[in-house]
Amino acid sequence: MEASTQTAQEANAGVKLPVLEREKLILNDRSYHWITERICGVLENRQPLLWWLLFVPSALIALLGVGGGLFHLVSTGVGVWGNTNRVMWGWPIVNFVFWIGIGHAGTLISAILFLTRQNWRTSINRAAEAMTIFAVMCAGIFPAFHVGRVWFAWFLAPIPNANAIWQNFKSPLLWDVFAVSTYFTISLIFWYLGMVPDLATIRDRCKPGLRKILYGIFALGWRGGNRQWSHYEMAYLLLAALSTPLVLSVHSVVSFDFATSVVPGWHTTIFPPYFVAGAIFGGFAMVLTIMIPARFIYGLQDMITMKHIDNMAKIILLTGTIVGYAYLMELFVAFYSGAIYEMDAFKFRIAGPYWWAYAAMMSLNVISPQFFWFKKCRENLWVVMAIAMCVNIGMWFERFVIIVTTLARMWLPGDWKTYSPSAQDQFLFVGTIGMFLALFLLFLRFLPCINIAEVKWTLPQSDPHHDDIEEHPDDGAVKEAAYQKELS
Amino acid sequence: MSKRVFHHPDVPADETTVAWRSPGQLDDSPEFREWLEREFPRGAAEMADGEDAETSRRSFLKLMGASSALAGFGMAACRRPESYIVPYTKAPEWVIPGKATYYASSMPRAAGAVPLVVTNFEGRPTKLAPNKLHPDADGTDAFTQASVLDLYSPSRSRKPMAGGKPASRADLDAMIAELAKDPGAKVGFLFGGDVSPTRTRLRGELAAKFSGAKFYQYEALAGDGGRAYGDGAKPVADFSKAERILSFDCDFGSSDPVGKASEFFAKRKPEGNGYKAKPDAESMNRLYMVESAFSLTGGMADHRLRVAPAELLKLAGQIARELGVPEAAGMPAVADDKQLSWIEPLVADLKAHRGKSLIVAGSRQPAAVHHLVLAMNLVLGNLGKGHPFNVVQTGNAGLGGLQELIADIHSGAVETLVMMTPANPVYDAPADLDFPAALAKLKNSIHLGTRTDVTAHAASWHIPAAHYLEGWSDARTAAGTYTVVQPMILPLYPDCVSELELLLALLSDDGKLINGEGAEGAASPAYDAVRKTFAGIGGEGDKAWKSLLRDGYLAGSAYTPIDARPSVDARKDIPEAVKAMEAAGDSLQVVFAADASVYDGRYIDNAWLQEAPDPISKVTWDNAALIAPKTAKNLGIYDEILKLEPVTKALGFIPVEGKYAAVGPDGEGKNRTAPVIELKVNGKTLQFPVIVSFGQAENTIVIPLGYGQGFNEEDDFGRKPQNESHVGLVGVNRGFNAYPLRTTASQLFAGGASVKLVAGKRYPIALTQEHSAMYGRALAREISTIDSHDHKGGFEKQLHDVAKQGPVDSHAPKNISLYKSEDRNGQPLLSDKLHQWGMSIDLTSCMGCNACLVACQAENNIPVVGKQQVAMGREMHWIRMDRYYAQQKDNNFDADNPALIPQPVGCVQCESAPCETVCPVNATVHTPDGLNAMAYNRCIGTRYCANNCPYKARRFNFFDYNKRNPLIKHNLYRGPLGKKDEGGADHLQKNPNVTVRMRGVMEKCTYCVQRLKDAVIRQKQGQKQEALAAGKPSTEMDVTTSTLRIPVDSVKVACQEACPAEAISFGNLLDKEKSSLGRAKKLERNYDLLNYIGTLPRTSYLARVKNPNPKMPDAKFIGKATINIV
Amino acid sequence: MSTTRKRVYGYLAEFKNPSQLYKAAEKVRDAGFKKWDCYSPYPIHGLDGAMGLKRSILPWFVFFGGITGTATAFTLAYTTQVVLYPTVVQGKPANIFTVPAFFPIMFELTILFSGFTVLFGLLALIQLPRLNHPLFASRQFHRATDDGFFIAIEARDHQFSPEKTREMLAEFGGSNIELVEEEE
Amino acid sequence: MANIFPRWSNLLPLKIVVCAGTVAGGIALAFSYYATPKTLAVGYQPSQPIPFSHKIHVDQLGLDCRYCHSFVEVSGHSNVPTGNTCWNCHQHVQQDSPKLEPLHISMNPNHPSYDGEPIEWVRIHKLPDYVYFNHSAHVSRGISCQSCHGDVDQMEVVYQAENLSMGWCLECHRSPEDNLRPLEEVFNFAYDAEDWLTENPMEGVDTTEELGLKLKEQFKVTPKESCATCHH
């Protein structure tokens, strides 16, 4: 950030107070109305052809892949997947962890960046949260349907029953059930509450008719009175405060599924932080992958600025490096342990039947983000996009390495057998990708993809003291003045 | 009205003992017929109806008396479907609904009958167990265990056929009658190799009745070695007296019995059976093995020499000469120094144990070898009563062989042939004899068989044979004890005829064929015939007969040894054999071997056997040519097949070797394929898939026989459909037929073979085990009794260090849990003070046969899943028979002769079970008596438990294996549209006390919990009976821990029961040293698998002890499977 | 304007920017009005003080909501696992020492319950959903969610007087002052 | 500009919430009451081919349970009497009662429509296939028929008296003392703990509860709660 001596109250005579000027989040001094226009425009104007070109195929894929895939699965048996008596968890759980990981950036951006007063988040948090919700939906499909008898999945819920039998609260899998469902619920609330004022905006813009009624209902009759805003802000703050530990806990709990087992290569204490970092890593990559195109399609460059992209790139660099550290630390501990089973587990990852997966993971997750050290790379959207894609793929391979490689080579060599996914496995995974895209496109189509109210709030002129500094002396300015005096 | 009280007499106190069949029933008590009649019409109806067939494990009850057949949903009651209880009208004696009855019987086999106790539920035989009362009881092998499935096999022959076309029973009867009425008929009888006194007796009568009657015997794999001992004579070994054993290619422990093998295994254990004595190397026997390819017995050998089949004779000759056998004088000497250095101390050892040593030869070895063996035993003074080696007369004398038969057919001496052999001559007779042609020449040929195989189609008549559990007969064990074969059930299909019944029909004047039961339910004529025979052997009268039926055998009826001397034709046979040997020279030789799954092809339709992996090669559902790595290299086909240590590039460029390398070129799991070779021998050329087999002699190709009997369009190898009707769904498209390569001269070995790789052709092979090395993990542990002067020390030291073997356990600290395993009253969670179950598996006597695996399958209703699923790694066997090779780098004697060590792994019932804690729904929890229980009906199938199981002992029902027939290609993947297992009766075999699992649930071994529960409950019943018998008021009866605890070693689990080597001890840990388990657990060689994870398994292993001869050149490499690990 | 007599809701005045609104708000506050509110498209920093609003009590609700969650989870887990039907699982204790295994679920339920309290607590405090409101009848009010800044003083306020209040608003810098009436 | 929503819509959300709440609650309550074995199974009383009266045979004639259910002490399965068990008496007694028609058809060769087929009794107490209940284990340890089957001796037509749900089984497995009896009394439907105690007093046992505990101690009854006890 470059400092400037150009101050707000040049006009007023008096001591010259240099003030640090914030870099603008919204470029070209856009007005409130322009912002409203622009964001609502996305869902009021006719959708660009591209929208249809993307939506129709992805919707079809979702229908076939998820709908058809699950039908075959449930009617026939888990056997249609590639899982075996050795690799009991194959692609399904890989995909679950992959999606749930992606589902982390959203709430994280909204919550943690909100708490840390990172105003730049406002332009991206809405979309990111939407992404979270859809990713968690995709994720949920896999654990739910990979159980052998999905029609008995309600055994997982602690419902009083005539059999007087209960769940096993010591099972990480049960923790998972609670964690993921909680995470979904809270994210949904967070997302919706954040959207209420914007829904009101849309309500007030559109002509009488069904649209107006629907938006009206979901806007709950929001009026934007300050007596509402004050409670509203408090609620938002609380939710942020709740979501922050939640988002950290969810992936930790997911990692417990592995970390609390006795399986060599899974039984490691580093898993929770490593999974969380990985999740943020993958999540941000996915945000970029989606926002960069959306930004162009809907011309949101002024709201989603290069600064946003730059920040996200930096976060990817950081988390990517953390993940890399975790990979290496795992290796070190394995060899330091001196336990042959532990060592072998990792040797197999590096050089075993699935060495290519490990190679892919390492190069895509650890090496590729390193390019973000260079500003040039962070500024070139093509590079950013490419690296983001790399990370998406790399993170999938990370889960593949953790789950499949480990299970294919466990304790007793007599039992070793490799695994390969079936067509249905791949079908369903592609299906969820389609579902994710379709849902996201619908979101762009019907809901404000950027938080209107908050974006307005970040405008400089939104500060009630914007134009009269002396009435309410700016604390920083005064200190600066005193400092200047001493200098002179 | 005044109240009258009828007191029902209490059941007598001894009622808890099992019920044995009483003859009262057989002598045609009306009740007995009543329930058989009631049973089987319904049974037939049941079988027709595939739907019910799978509905539930209790569906069999629908056939039965006290049953609950689910009728039309919600008919009467809207709240739930109405179901009915259908009691017997007249209660049959001894049949208690819901309680099993146990009868003694036996399975007749060429190698000697297997004495059995058969478990019956409401009249259905469901499970076979060895009859431990029997003096020759030896456990049961996989074939025996699986034979109960043959009874219910869907592909079983049910209707007579004429010229391969279905024929009416009336025509059949007419034909039989006609034959019986023609005493001048030139009829030949072809029997199997089994010994049946009644049949022997009837043979005499037949000879008397039919002037032109001739008798022959044929077993496809018998070989002509028997000649050496004289007509109808055979050797019987007494291992209890043998301290040194030299075996020439004789798998006496498993597929080639020559006597009571359990004696051999008993002497393998340094502590003896039951682990009563202190470990003592002296008490152990020592086994020297000379063979071409690994046999299970060979895997146990202390010293094993691998030689090509032709060389074996030379070796035998050398040894014989050094022992001073005159017949061996003129034989060529062994040139190879290594072999000489191996022979010298061996001979010394044998000489040192005159009269206490034993030399045996495999039944497939040529007569020459048997001559030498007989002579050697004679020289060593091992021969004769009270000595290890005896020759006995089985009474199967005066029987011609197949050659004679064919000669007689061509000469016209035989015009009608009655084939009763279980073999399949059209399919398996040596090619040069051209049996089909001879068959065609016959006026009339009658085939009696359980399968509609090629012979059945070729013969002019085929009669469906009754299963041995369906008809009366008798037999003799290997040692010759008279053993009864009694039916458990009337023939499942009305036209099934037993061998004796057919013979008796031919003997009768009117030639009326009576099978199953006679007019007005008179017992089958076979029953009277057997009684008559027995009267001659065991004495007249009901008493003897009843005790025979009760015990299943006649005490003291074993063969009496005959005085045997090397026969004159030794002088002829040996030189001939030597000539043949020199002819073969060092050319590539082929061994035609019996297959561990289909034997000679007769079990091709037995799904359990097909799915059971070959104990050595681990191939399921197929056969493949086995070849030693070096030979493969020499033949230039090595690179095509599995590399011992495939090389790959990690990260694309770093070359990696050994276990870390990626999958070998032949793939793994469902991608595994084997290259195909073209084998040319005896002027014929056939194609076989080929896989590497370790420890096999160089220049030798082993081909298991018995496959390739019928194909349809779904064949993996693209063979065109043929003989589809000869096999069922199990046997179709299975493997490759090698019989056409055999000639009379080379029935079991053939020299001068040549091999060519068929480029680009590969065949998918389903292995249950892909990796054969332990990779430095001390899993199956082995020690030796000698100090080979490395740091391992002597026997005591090695015993002491067993628990510390391996890189981890050697220095892993003791696991101490943070938690106390207590409930909230501070009581221990494993609270049962009566029983705490445990098991130990003794690797010293376990040879890795599949007996336990199949027994478990029979006991626990484990489904088969078919080749493709096995290839993927979805087999359901609760016991995984791991087989490891330990190759020793520094072995300068014979580095390519690795140690073979098997390790059966089932659920080890960890006290601290990782699987339990991860189950979200409490579907698998621990019972207070230490079982890791599995509640199938609670399981939702997250499969987390299986991931977290270090022993990978859990199996998941990926499909409805019990409902949808896995044997039809892609059928499982059709879900609800998939075909069901129709027409079969195998649901009748299901154990009613074990749930039949549906798709989507996890399953695993639970120590046969149903048996444990039954035993415990019976103990409780006994309690009450005694107390009431004592006449004390129950409030004063003293029930104590000791009275409620079941008697020591009184309950056996299925695998333990079946084990022929008594390698498995199971029992109540609280019995301490009173039980053999308790003693086993106290041994120093007792160790826990993967001890350092701290799972506290209840199943532990006893390290294998090898007893090498210190003077042998390879001595110092013996007994180190765990130490010298590749 | 129609002749039918309608109940008056109050005056709605527009201000041209946030600071105008802010200042006006301070004055209205000092004028001692109670039943009035400022309307803006986004939350204006410091306006609470300017309006003399107290800090929201929502956190207290949430605190107790959270406690309930923790308690629920603990009771659920402990009673089912230790009291009602203790099962032997990996030899782990079935007593108070097994509680650490319940922490994850206790945590999740705490968050879940808090989250619900936030949602429903908020709706209760701001009395939403309320789909119908007199202000929606205003000609200009729709701009309150776009770029308009308004103050509405309700007629129910005891200081309200048809004229004075109007003048006051005008004097504070309000423009397009509008009398908002309730609809039938 | 006008309101899009009418006045009354302001209360609508509240109304909806209240209604939905009540309905959901109602359903939950109804379900937890009606959809349980307690209501579904108990009292199931189908009509049997022969209107066999336990009251007459047990209460009036004093037949012991085991006269017909003869294997209950040795087998897991308590058998229903075979045709000839009934026939033993009824070929002499009540021969021409029309109620016994089915018995004659099944047992009496002289009967015109004799077919020898067994009588199909309608099953009343049915456990799922995956449940292994063993009668002998219970009756030989002091649990009476009565505890599970109710006062059969008083039943003209038998009906299901208890719900036989897993929860119900567990109740007794957790506190067997409530149902334990001296072994002699297991088949005695007239048994009354009070009277029994007065007839044969035991030192240290005054109340029926104490009797139960005493017997539990005496017989060393330790029922299991783990899955494998009933499921394998």
Side-chain angles (χ1 to χ4, degrees), chain A residues 31-33 36 158 164-170 172 174-175 178-179 182 185-186 189-190 193 196-197 200-201 203-205 216-217 220-235 238-239 242-243 245-246 249 253 256 452-454 456-457 461-468, chain C residues 17-19 21-22 25 37-48 50-51 53 55-56 58-59 62 76-77 80-81 84-85 87 89-90 92 98 101-102 104-105 107-109 111-112 114-116 118-119 121-123 125-126 128-133 135 142-147 152:
Chain A
S31 76
Y32 297 123
H33 187 62
T36 320
I165 183 159
W166 298 92
Q167 288 61 35
N168 172 14
F169 283 70
K170 301 183 191 74
L174 198 71
W175 305 346
F178 278 84
T182 304
T185 324
I186 298 293
I189 295 175
F190 202 15
L193 270 191
V196 167
T201 311
R203 171 198 66 198
D204 292 345
R205 287 168 54 87
I217 291 172
L220 302 174
W222 177 264
R223 296 191 298 281
N226 195 51
R227 293 175 191 277
Q228 292 182 334
W229 278 122
S230 63
H231 288 302
Y232 178 87
E233 279 188 288
M234 178 54 76
L238 285 167
L239 276 179
L242 291 170
S243 314
L246 178 64
S249 82
V253 169
F256 288 164
I452 306 173
E454 287 196 2
K456 289 175 182 166
W457 179 69
Q461 64 265 39
S462 304
D463 177 0
H465 320 308
H466 179 253
D467 52 3
D468 46 13
Chain C
N17 62 30
S19 42
L21 183 70
Y22 186 93
D37 201 349
C38 305
Y39 297 91
S40 57
Y42 59 87
I44 293 173
H45 181 71
L47 197 57
D48 297 8
M51 284 178 69
L53 297 181
R55 191 167 181 280
S56 168
L58 192 54
V62 178
L76 179 67
T80 56
Q81 303 301 293
L84 286 180
Y85 197 163
T87 50
V89 163
Q90 200 175 9
K92 290 180 178 173
T98 190
F102 306 154
I105 287 176
F107 172 80
E108 299 301 337
L109 282 200
I111 300 288
L112 187 65
S114 319
F116 279 122
V118 171
L119 177 63
L122 173 67
L123 292 182
L125 285 173
I126 63 178
L128 289 187
R130 174 178 178 179
L131 301 182
N132 173 296
H133 195 279
L135 284 172
H142 65 89
R143 289 186 41 244
T145 57
D146 175 4
D147 56 358

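Worth saying up front: this structure is predicted, and the values here are computed from it rather than measured. Proteins come first, then strands; the chains are lettered A, B, ... in the order of their sequence lines, and each starts at number 1.
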K.L.:
Relative to chain C, which of A:P197, A:G224, A:A453, A:S243 shows the most heavy atom pairs under 4.5 Å?
P.N.:
A:G224

K.L.:
Which bit of A:E233 comes within less than 4.5 Å of chain C, counting heavy atoms only: side chain, backbone, both or neither?
P.N.:
side chain

K.L.:
For chain A, which of C:I126, C:T98, C:L135 has the most heavy-atom pairs under 4.5 Å?
P.N.:
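So the answer, after comparing C:I126, C:T98, C:L135, is C:I126.
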
K.L.:
Starting at CG of C:L128, measure out to OH of A:Y232 and round the result to the nearest 0.5 Å.
P.N.:
11.5 Å

K.L.:
What part of A:Q167 is in contact with chain C, defined as an atom under 4.5 angstrom from a non-hydrogen atom: side chain, backbone, both or neither?
P.N.:
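Looking at A:Q167, just its backbone touches chain C.
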
K.L.:
Calculate, to the nearest 0.5 Å, the distance between atoms OG1 and CD1 belonging to A:T182 and C:I111 respectively.
P.N.:
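One gets 8.5 Å once the value is rounded to the nearest 0.5 Å.
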
K.L.:
Could you report the tightest heavy-atom contact between C:Y39 and A:R223, atom names first, then the distance?
P.N.:
CD2-O, 3.3 Å

K.L.:
At a heavy-atom distance under 4.5 Å, which candidate from C:V89, C:D48, C:V62, C:I44 has the highest pair count against chain A?
P.N.:
C:D48

K.L.:
Which region of C:L53, side chain (C-beta onward) or backbone (N, CA, C, O), has a non-hydrogen atom less than 4.5 Å from a non-hydrogen atom of chain A, or is it both or neither?
P.N.:
side chain

K.L.:
Just wondering, are more than 12 heavy atoms of other shown residues or ligands nearer than 6.0 Å to CH2 in A:W166?
P.N.:
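Yes, CH2 of A:W166 has more than 12 neighbouring heavy atoms, counting only those of other groups under 6.0 Å.
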
K.L.:
Please report the shortest heavy-atom distance between C:F116 and A:T185, naming the atom on each side.
P.N.:
CZ-CG2, 3.5 Å

K.L.:
Working to the nearest 0.5 Å, report the span between CD1 of A:I165 and CG of C:L84.
P.N.:
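That separation rounds to 12.0 Å.
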
K.L.:
Can you tell which of A:P158, A:P172, A:A235, A:A164 has the highest number of heavy-atom pairs within less than 4.5 Å of chain C?
P.N.:
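Looking at each option in turn, the highest pair count goes to A:A235.
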
K.L.:
Please classify the contact of A:I186 with chain C as side chain, backbone, both or neither, using a heavy-atom distance under 4.5 Å.
P.N.:
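Interface part for A:I186: side chain.
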
K.L.:
For A:P245, is it the side chain, the backbone, both, or neither that has a heavy atom closer than 4.5 Å to a heavy atom of chain C?
P.N.:
both

K.L.:
If you measure from CZ on A:F169 to OG1 on C:T80, what distance do you get to the nearest 0.5 Å?
P.N.:
4.5 Å

K.L.:
Does any part of the side chain of A:W229, heavy atoms only, come nearer than 4.5 Å to the side chain of C:S40, both counted from C-beta?
P.N.:
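SC-SC contact between C:S40 and A:W229 confirmed.
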
K.L.:
Using non-hydrogen atoms only, which part of C:L122 is less than 4.5 Å away from chain A: side chain, backbone, both, or neither?
P.N.:
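For C:L122, side-chain heavy atoms alone lie under 4.5 Å from chain A.
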
K.L.:
Quick one: does A:W175's side chain get under 4.5 Å of C:E108's, heavy atoms only?
P.N.:
no

K.L.:
In sequence, state the C-alpha distance, the side-chain angles, and the governing distance for C:L125 and A:M234, and then conclude on side-chain contact (heavy atoms from CB on, under 4.5 Å).
P.N.:
CA-CA 11 Å; C:L125 285 173; A:M234 178 54 76; over 6 Å; no

K.L.:
Could you have a look at A:H231, A:Q228, A:K170 and say which one has the most heavy-atom pairs with chain C under 4.5 angstrom?
P.N.:
A:H231

K.L.:
Just checking, any donor-acceptor pair under 3.5 angstrom between side chains of C:H45 and A:D463?
P.N.:
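Their side chains do not contain a donor-acceptor pair, so the 3.5 Å distance test is not met.
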
K.L.:
Under 4.5 Å, counting heavy-atom pairs only, tell me which of C:A144, C:A25, C:A50, C:S114 racks up the most with chain A.
P.N.:
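Top option by heavy-atom pairs under 4.5 Å: C:S114.
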
K.L.:
At a heavy-atom distance under 4.5 Å, which candidate from A:I452, A:V196, A:L239, A:V253 has the highest pair count against chain C?
P.N.:
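The answer is A:L239.
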
K.L.:
Heavy-atom distances under 4.5 Å only: say whether A:S230 touches chain C with side chain, backbone, both or neither.
P.N.:
both

K.L.:
Between C:D37 and A:R227 (side chain of the first, backbone of the second, donor and acceptor by atom type, cut-off under 3.5 Å), is there such a pair?
P.N.:
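At least one qualifying donor-acceptor pair exists.
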
K.L.:
Do you know which of C:T87, C:L123, C:L119 has the most heavy-atom pairs with chain A at a distance under 4.5 angstrom?
P.N.:
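Max contact count across the listed options: C:L119.
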
K.L.:
Tell me, out of C:P59, C:P18, C:P43, who's got the most heavy-atom pairs with chain A below 4.5 Å.
P.N.:
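With the most close heavy-atom pairs to chain A, the winner is C:P43.
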
K.L.:
How long is the gap from OH on C:Y42 to OG1 on A:T201, to the nearest 0.5 Å?
P.N.:
13.0 Å

K.L.:
Mind checking salt bridge (charged side-chain N to carboxylate O under 4.0 Å, His left out) for C:R130 and listing every partner two or more places apart, or none if nothing turns up?
P.N.:
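Testing C:R130 for salt bridge (charged side-chain N to carboxylate O under 4.0 Å, His left out), a comparison that skips the adjacent residues, returns none.
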
K.L.:
Report the residues that fulfil salt bridge (charged side-chain N to carboxylate O under 4.0 Å, His left out) with C:D147, sequence neighbours left out, ordered by chain and then residue number.
P.N.:
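C:D147: salt bridge (charged side-chain N to carboxylate O under 4.0 Å, His left out) contacts with C:R143.
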
K.L.:
So, do A:I189 and C:V118 sit near enough that their side-chain heavy atoms are less than 4.5 Å apart?
P.N.:
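They are not in contact (no side-chain heavy atoms under 4.5 Å apart), so the answer is no.
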
